Amino acid sequence: MPSESLREEALRGLGRLCERPVRDAITSAPSNPGVERMEARFTGNAFEPHRHDTYAIGITLHGVQTFRYRGEKRQSLPGNIMVLHPDEVHDGGAGTDEGLRYRMIYLEPALALEALGSTHAALPFVHDPVFADASIVSTLSTAFASLDEEMDELLVDDIVSRLTDGLSRHASQPDKLLGRPAMQQAGRAREYLADNALRQVRSQELEVVSGLDRYALSRHFRALYATSPHRFQLMRRLQRAKELMKFGVPLAEIAAETGFTDQSHLNRQFKKAFGMTPGRWAMLTTASRKV
């Protein structure tokens, strides 16, 4: 385990922990394939119960971070690492009047599996979502060296490798592993859904693409990626909606472009996935650019 001095050095690199948040805001860094980075500052309750289809791996920088996860109320203090498994319902907010500042990486399960290599056919599950780990602190420090720039491809490779190694260290071992053919078939379905995210994909299409019947595909897909094919495609639409918000596209236009019935449909699905309405998300990301 790395020394305490390494942990302190990494924490300094992540920012001044004593700094008080200025106001509620979200700063989204330029994304890389399979990796999304975000810094947030909040007072009070920030997110209503929601779930996303990625790992959420982060660090609390200031204040007390509280959230409900797997039936229990959790707390993270400055310097603590948080790991939330894909598709697990959680909320979030500041536990004290001092407010909250934290940074989070959202890592796609497919990228984590690729980094873990052929010996792994199931996602590592970290039972305790809050813990101390100097190596992961150091990795996050590297990932957040600049919030304004896209990370170099080789740097992304290193960060993903180090994060997945950290997940494996803290994870309980899976009971059952999928065979290589099933992994390949589910992977083909995932790629097809990503390529056709903005239109309705029929079950029969995925059966043809994957070579599996729809029920076997659903089981294998969830075993690999911790979510269903339907929800995976829905999240790709919502990610596209978030990208369009950065450019100030009206929500009604975003709803139409990303395959939702109307703006109300987009609002409902966005809130379920991210814990707030798209309008509030857009306002908070705009506020971060003004700070």
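These numbers come from a predicted model, not from an experiment.
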Practice task
Please confirm whether the backbone N or O of G211 pairs with a side-chain atom of R188, one donor and one acceptor, at under 3.5 Å?
Solution key: no
Handout entry: Pair R70 + E88, salt bridge at N-O below 4.0 Å
Key = yes
Problem - Stepwise side chain to side chain contact (heavy atoms under 4.5 Å, CB included) check, R41 with L100 - result: CA-CA 5 Å; R41 299 188 301 277; L100 170 68; over 6 Å; no
Practice task
Would you indicate whether the side-chain heavy atoms of E207 and L217 approach each other to under 4.5 Å?
Solution key: no
Practice task
Test M104 against M82 for side chain to side chain contact (heavy atoms under 4.5 Å, CB included), laying out the working first.
Solution key: CA-CA 9 Å; M104 193 76 73; M82 297 163 290; 4.2 Å; yes
Exercise for the section: Using a strict 4.0 Å threshold on nitrogen-to-oxygen distance, state whether R162 and D158 make a salt bridge. Expected result: yes
Practice task
Hey, can you tell me if H52 and Y106 have their rings parallel, tilted or perpendicular (30° and 60° cut-offs)?
Solution key: perpendicular
Problem - Ring centres under 6.0 angstrom apart (F67, F47) - result: no
Completion exercise
d(L251 CG, Q263 CD) to nearest 0.5 Å is 4.5 Å
Exercise for the section: Flag the pair D91 / E48 as yes when at least one side-chain heavy-atom distance between them is below 4.5 Å, and no otherwise. Expected result: no
Handout entry: Reference residue H90; test side chain to side chain donor-acceptor pair (under 3.5 Å); the match among H50, R68, R74
Key = H50
Handout entry: 4.5 Å side-chain heavy-atom contact, E149 and M151
Key = no
Practice task
Drop me the distance from M283's CE to R280's CZ, to the nearest 0.5 angstrom.
Solution key: 4.5 Å
Exercise for the section: Give a yes-or-no answer on whether the side chains of T66 and Q75 include a donor-acceptor pair shorter than 3.5 Å. Expected result: no
Practice task
Decide if the gap between the ring center of H85 and the ring center of Y55 is smaller than 6.0 angstrom.
Solution key: yes
Handout entry: Cationic N near anionic O, under 4.0 Å, D53 to R236
Key = yes
